[in-house]
Amino acid sequence: MESLKVGIIGCGTVGSGVVKLLTENKKVISERIGKDIEIAFVADRDVEKVKRLGIPEEKIVDDGFKALNIECDVVIELIGGTTIAKDIVSLAIEKGKHVVTANKALLADYGEELFKKAKEKGVSLKFEASVGGGIPVIKALREGLVGNRIKRIYGIINGTANYILTEMTEKGMTFDEALKKAQELGYAEADPTLDVEGYDAAHKIAILTTLSFCRWLKTENVYVRGIKDITPLDIELASEFGYKVKLLAISKLIDGELEVRVHPTMIPETHILSNVNSVFNACLIEGDFVGDTLYYGKGAGEKPTASAVVSDIVDIAIGNKYFVPECLFKEGDKPKIKAPEEFISSFYLRFTAVDKPGVLAKISKILADYGISIKMALQKSININGGVPVVMTTHPACKSNVQKAIEEIDKLDVILKPTFVCMIEEL
């Protein structure tokens, strides 16, 4: 049987999973595609770890660059980061080898350069595992929905943040308590910054936006805000208004302009995305002909991510050498990226105010002066640092107007702490 030789560079959690999948399911894969997938080498500094996976010593290399001199058809980059990984991917493409990667940060920030190089060399650069772990959301966009104009994407695409918010919602934990539990269970890194500050989700939505709207997009084009400021009180109050809080990645085309953002978002409790909990991911994609479609599953981890990597290997084995949409390589009008201050959204506003008459009137007047209409309001008899929470939701308003109004409100002598603001998506 004809074989495809693959080399794996990086044998951490995902790399180990790929080795196990290709070994344990070797017969299943070859029976389905009519080819053998053969591991030509595994490159990792920890040689002993690779040996324990059953890889023969002669196929183990301790240097990824040296490994590129070994004969293979496909290089699988799983070391992460945007420095050494970029050099390895570039060199592999230069040598005429197909590349499979799970590296969302690399593709978000250097995708344009790398995909153009792959196209020039006539090799594939595949990346199913870069977004959504085992969920085939990339394949859905590039194949299943290829006949549609994509209108919007809503994604819960960071399992760590989703787990933390789930624990806060269901068990009343503080952010710090939920983060600690996530770290103990291995759902969060020792340094969780990329996850809880929203940057991991920003990498992923940048990739999905590039594929969907035919415009190269980098992480720097994404408005990002993390979940560290969310409190159990805000989650409780959101529920009183009929919402749940999720770290939502959003990309939508409105009147020729792209809104691309990642931030804590209040969404209706009745919407299906509200029920995506724990470490699970989901991505809702709307096409002009198909309507809403939903992709759900485990968004990270050894086995789900390995499954996505191997799906890309199989694509190459059967001759599917898809790059990215051809329109990305052509000149012409591209959608403009909307500035964050131009976003139109409904808002949740929590003021910490002194408990005396006239406070609500002062706040309402300033909001009205900036054209912001109040949808609902309530005041809780809870003492917070000598004040009480006054909470409002608004009808859709321009973000810049909301920012200006909040700056003015926070200067009032009746306001004790900076106002907490959260955007609302009615979906």
Side-chain angles (χ1 to χ4, degrees), residues 153-182 187-188 192 195-202 204-205 222-251 259 261-284 294 296 299 340 343 345-352 375-378 380 382 384 389-394 396-397 399 402 406 417-427:
I153 300 169
Y154 292 117
I156 297 172
I157 48 180
N158 182 271
T160 300
N162 201 42
Y163 175 83
I164 290 170
L165 290 173
T166 299
E167 292 295 289
M168 293 176 70
T169 301
E170 295 182 352
K171 299 176 183 176
M173 290 185 177
T174 65
F175 170 81
D176 290 335
E177 290 169 341
L179 172 59
K180 183 180 179 182
K181 185 175 178 183
Y187 297 149
D195 296 316
V196 301
E197 294 291 358
Y199 296 113
D200 174 79
K204 295 170 182 175
I205 197 65
V222 182
Y223 169 78
V224 185
R225 181 182 167 198
I227 64 171
K228 292 172 71 174
D229 294 334
I230 300 293
T231 68
L233 175 61
D234 293 308
I235 289 174
E236 178 187 336
L237 293 170
S239 180
E240 291 193 31
F241 285 119
Y243 299 114
K244 278 189 180 178
V245 182
K246 294 291 183 182
L247 182 69
L248 204 63
I250 300 167
S251 181
E259 282 190 23
R261 42 192 169 103
V262 172
H263 50 77
T265 311
M266 293 187 181
I267 61 177
E269 289 180 322
T270 54
H271 195 275
I272 192 168
L273 286 179
S274 282
N275 296 308
V276 178
N277 293 319
S278 190
V279 294
F280 281 84
N281 281 199
C283 198
L284 186 151
L294 184 71
Y296 170 85
F343 294 161
S345 175
S346 298
F347 290 85
Y348 162 97
L349 310 173
R350 175 172 55 79
F351 309 95
T352 303
K375 184 177 181 181
M376 292 186 283
L378 64 85
K380 301 290 286 185
I382 304 170
I384 302 176
V390 176
V391 187
M392 297 178 179
T393 61
T394 76
K399 190 172 185 295
V402 173
I406 296 304
K417 291 178 62 178
T419 299
F420 176 79
V421 181
C422 184
M423 283 193 268
I424 299 171
E425 284 286 327
E426 297 296 348
L427 302 178

Over all atoms of both residues, closest heavy-atom pair of Pro232 and Gly172: CG-O, 4.0 Å
Beyond-backbone contact of Lys246 with Leu273, side-chain heavy atoms, under 4.5 angstrom: no
Salt bridge Lys375-Glu426, side-chain N to carboxylate O under 4.0 Å: yes
Derivation of the side chain to side chain contact (heavy atoms under 4.5 Å, CB included) call for Leu349 and Val402: CA-CA 10 Å; Leu349 310 173; Val402 173; 4.2 Å; yes
Heavy-atom pair with the smallest gap, counting every atom of Ile157 and Lys204: O-NZ, 2.7 Å
Sub-4.5 Å side-chain heavy-atom contact between Asn162 and Val279: no
Non-hydrogen side-chain atoms of Tyr154 and Thr265 separated by less than 4.5 Å: no
Distance, nearest 0.5 Å, that separates CD1 of Ile406 from CZ of Phe347: 9.0 Å
Ile272 atom CD1, neighbour heavy-atom count above 12 within 6.0 Å: no
Residues Lys399, Glu259: salt bridge by 4.0 Å N-O rule: no
Heavy-atom pair with the smallest gap, counting every atom of Ala178 and Glu167: CB-CB, 4.0 Å
Step-by-step side chain to side chain contact (heavy atoms under 4.5 Å, CB included) determination, Met266 to Ile235: CA-CA 9 Å; Met266 293 187 181; Ile235 289 174; over 6 Å; no
Pairwise side-chain contact, Leu179 with Pro192, heavy-atom cut-off 4.5 Å (strictly under): yes
Main-chain N/O of Ala188 paired to Asp195 side chain as donor or acceptor, under 3.5 Å: no
Derivation of the side chain to side chain contact (heavy atoms under 4.5 Å, CB included) call for Phe241 and Ile424: CA-CA 11 Å; Phe241 285 119; Ile424 299 171; over 6 Å; no
Pairwise distance CD1(Ile382) to CG(Leu233) - rounded to 0.5 angstrom: 5.0 Å
Beyond-backbone contact of Arg261 with Met423, side-chain heavy atoms, under 4.5 angstrom: yes
Over all atoms of both residues, closest heavy-atom pair of Pro264 and Cys422: O-SG, 3.4 Å
Rounded distance [0.5 Å steps], CE in Met168 versus OG1 in Thr174: 6.5 Å
Exercise: identify the closest heavy-atom pair between His263 and Leu247: C-CD1, 3.6 Å
Heavy-atom check, side chain of Tyr243 versus side chain of Tyr348, under 4.5 Å: no
Interatomic distance, Leu237 atom CG to Thr231 atom OG1 [nearest 0.5 angstrom]: 7.5 Å
Carboxylate-amine/guanidinium proximity below 4.0 Å for Asp176 and Lys180: no
Step-by-step side chain to side chain contact (heavy atoms under 4.5 Å, CB included) determination, Phe420 to Ile230: CA-CA 9 Å; Phe420 176 79; Ile230 300 293; 3.5 Å; yes
Ring geometry between Phe280 and Tyr296 (parallel below 30°, tilted from 30 to 60°, perpendicular above 60°): parallel
Glu197 CD to Arg225 CZ distance, which is reported to the nearest 0.5 Å: 10.5 Å
Straight-line distance of Asn275 CG to Thr270 OG1, nearest 0.5 Å: 9.0 Å
Close side-chain approach of Phe175 to Asp229, heavy-atom, < 4.5 Å: no
Close side-chain approach of Lys181 to Lys171, heavy-atom, < 4.5 Å: yes
Atom of Ser278, atom of Thr166 and distance for their closest heavy-atom approach: N-OG1, 3.0 Å
